[in-house]
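These values consider heavy atoms only, across backbone and side chains, with no hydrogens, waters or symmetry-generated copies. Residue numbers count from 1 along this sequence. Start at 1 and go down the list; that is how both ligands and their atoms are numbered.
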Amino acid sequence: MDFSKRIEKLPPYLFVQISRKIAEKKARGEDVISFGIGDPDIPTPAHIIERLNEASRDPANHRYPETEGLPELRKAIAEWYSRRFDVTLNPDKEVLPLIGSKEGIGHIALCFIDPGDVALVPDPAYPVYAVGTLFAGGESYYLPLNEENGFLPDLDHIPHSVLHKARVLWINYPNNPTGAVAGIDFFEKVVFFARKHNLCVCHDGPYSEVAFDGYKPHSFMQAPGAKEVGVEFHSFSKSYNMTGWRIGMAVGNERAVNALMRVKSNLDSGIPQAIQQAAIAALKGPQDCVAEHNAIYQRRRDALLGAVRKAGLQAMTPRASLYVWARVPRGQTSADYTSRLLDEAGIVVTPGNGYGQAGEGYIRFSLTLADDRFAEGVKRLLAYAERSKNP
Ligand SMILES: *Cc1c(COP(=O)(O)O)cnc(C)c1O
């Protein structure tokens with residue numbers, strides 16, 4: 001068997017070493033607390049599950065769904081965008097449901113990237129932007145997200161030779177892994193830049209509803225002209241704790257949405273309709289659950305930040321997302337510090353370099369552990385901080 005070049009080029013799984021260590025510890029019966037995974041621990045709200053249950057019994061939902069999704073779901077998405085962001089979307093042309101946003105994020109490269117083309121990809125970032133580009137035969141040009149710049153990419157210093165080949169610009173706010181947010185002024189700058197260089201902007205925004213201290217993140221679609229230059233990916237996963245059900249959406253530019261629909265119609269057969277019905281219930285039903293979940297995450301965030309800072313790590317207080325992005329002590333790598341926390345505190349974090357070179361020197365803590373495990377993890381971190389002070 002000879003594998004394709006794209007398979008050979010896939011980046012190695014960066015967490016091999018740490019996964020092996022965790023497995024060894026568990027085999028020895030040691031309890032390990034993982035702040036590694038960004039997957040809400042709180043169940044999907046009951047009213048959404050009830051709708052799913054009911055819809056699953058309707059034989060109309062037992063057959064192949066349409067690629068473009070149920071018209072009622074597209075309408076519910078457009079209405080939600082209007083209520084939440086005051087953004088107008090045509091439900092039939094500017095909204096496309098996805099089998100989780102990851103699916104669309106991976107596939108959209110097939111709409112814009114030919115071999116030799118370039119995608120502008122933030123670093124650190126969710127790995128799918130670069131891998132989708134690779135699968136389409138293109139290359140990623142990385143835009144470092146630095147703390148000095150509020151973890152926003154510097155669009156003013158990209159070489160002309162790169163811009164000439166660039167077709168797509170990826171952005172993601174509220175950001176995973178840094179927890180940074182973007183103001184509408186940044187999104188306006190992105191629209192201007194995309195027009196000038198004829199790019200499709202792909203904004204990945206699954207954390208727009210996971211925010212703290214009363215902060216309300218923006219949609220890229222709120223920037224004037226955004227719909228002319230790009231699309232926004234969104235998801236039910238983080239807003240409604242629905243990661244397991246696999247449903248998300250792309251909205252925005254009609255031609256881009258249509259191209260993605262055409263790619264998908266040749267690859268998948270849509271989202272199970274009972275799950276689409278559950279998603280409609282999520283958007284149309286009571287929204288108190290969103291605020292309740294955010295209050296839980298905010299409490300965890302504050303407890304964790306206290307311990308992180310006591311341990312001598314610097315971290316910005318995130319206003320949104322499910323993550324705390326902390327800088328490790330000078331002279332240590334992300335991998336060193338990750339190993340040390342596992343060995344000396346029995347806790348797992350994600351090494352920042354797993355999200356790209358510019359993530360070196362950082363670790364990511366996720367806020368998605370059940371309260372008792374979370375509290376135990378914070379306790380271990382505090383004890384570790386004490387021990388490292390008085391060795
Ligand atoms: C969780 C996450 C997604 C994917 O969400 P799904 O809709 O569950 O596929 C996309 N982008 C980022 C940055 C995420 O953290």
Side-chain angles (χ1 to χ4, degrees), residues 15 35-44 48 69 73 77 80 95-109 119 121-133 140 142-143 145 151-153 168-182 201-211 217-220 230-252 260 264 267-268 270-272 275-276 278-279 282-283 290 293 297 318 320-325 350 352 354-356 358-359 364-368:
F15 310 120
F35 289 98
I37 304 153
D39 183 355
D41 57 295
I42 309 163
T44 309
I48 300 175
L73 173 59
I77 292 170
W80 181 78
V95 175
L96 179 65
L98 301 168
I99 313 170
S101 61
K102 182 180 188 178
E103 178 264 304
I105 292 167
H107 282 145
I108 199 159
V121 173
D123 169 11
Y126 188 61
V128 190
Y129 316 142
V131 172
T133 306
S140 294
Y142 293 100
L143 306 176
L145 305 183
F151 298 110
L152 299 174
V168 171
L169 167 63
W170 279 100
I171 50 173
N172 159 229
Y173 295 96
N175 186 259
N176 175 11
T178 68
V181 296
V201 177
C202 293
H203 178 240
D204 184 18
Y207 297 101
S208 76
E209 305 316 295
V210 186
H218 297 285
S219 159
F220 174 62
V231 291
E232 177 160 87
F233 291 92
H234 209 293
S235 178
F236 293 80
S237 290
K238 316 290 166 43
S239 312
Y240 301 104
N241 303 339
M242 288 175 70
T243 48
W245 303 112
R246 312 308 306 134
I247 184 159
M249 64 275 215
V251 306
L260 183 56
K264 282 171 53 59
L267 291 173
D268 67 62
I271 306 150
I275 294 174
Q276 297 190 54
L283 293 177
V290 176
H293 301 153
Y297 295 135
S321 88
L322 292 170
Y323 310 105
V324 166
W325 185 241
T350 319
Y355 301 95
R364 192 194 77 170
F365 289 86
S366 162
L367 303 177
T368 57

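Inclusion of N176 in the set of residues having an N or O under 3.5 Å from an N or O of ligand 1 is warranted. Residue S237 places at least one N or O, backbone or side chain, under 3.5 Å from an N or O of ligand 1. Backbone and side-chain nitrogen or oxygen atoms of Y126 are examined, and none is located within less than 3.5 angstrom of a nitrogen or oxygen of ligand 1. Close N/O approach between K238 and ligand 1 is found [any backbone or side-chain N/O within under 3.5 Å]. The distance criterion of under 3.5 Å between nitrogen or oxygen atoms is not met by Y129 with respect to ligand 1.
At least one side-chain heavy atom of Y126 sits less than 4.5 Å from a side-chain heavy atom of K102. Residues R246 and I271 fail the side-chain proximity criterion, which asks for heavy atoms closer than 4.5 Å.
Using cut-offs of 30° and 60° on the angle between ring planes, the pair Y323 and Y207 is perpendicular. Between H203 and Y173, the ring planes lie parallel to each other; the angle is under 30°, not in the 30° to 60° tilted range. The aromatic rings of F35 and F365 lie perpendicular to each other, with more than 60° between the two planes, well past the 30° mark.
For ligand 1, the atoms sitting less than 4.0 Å from at least one non-hydrogen atom of R246 are 6 (P), 8 (O), 9 (O), numbered in the order shown with element in parentheses. If you number the atoms of ligand 1 from 1 as listed, the ones under 4.0 Å from a heavy atom of G100 come out as 7 (O), 9 (O).
Under a 4.0 Å heavy-atom criterion, F236 is not in contact with ligand 1. For the pair P206 and ligand 1, a heavy-atom separation below 4.0 Å is found. The shortest heavy-atom distance from G248 to ligand 1 is not under 4.0 Å. Contact annotation: D204 has at least one heavy atom less than 4.0 Å from an atom of ligand 1. Residue contact check for ligand 1: E103 places no non-hydrogen atom closer than 4.0 Å to it.
Side-chain atoms of T178 do not come within 3.5 Å of backbone N or O of W325 as any donor-acceptor pair. For the pair R364 (side chain) and G36 (backbone), a donor-acceptor distance under 3.5 Å is present. Panel note: side chain E232, backbone F220; a donor-acceptor pair is recorded below 3.5 Å. The closest donor-acceptor contact from the side chain of S321 to the backbone of N176 lies at 3.5 Å or more, if one exists at all. Of the possible polar contacts, none joining the S101 side chain to the M249 backbone as a donor-acceptor pair under 3.5 Å is found.
Here the heavy atom of the protein found nearest to atom 7 (O) of ligand 1 is S235 OG, 2.6 Å. If you check which protein heavy atom lies closest to atom 5 (O) of ligand 1, you get S101 OG, 3.3 Å.
Considering Y207, F233, W245, Y173 only, the shortest heavy-atom separation from atom 15 (O) of ligand 1 involves Y207.
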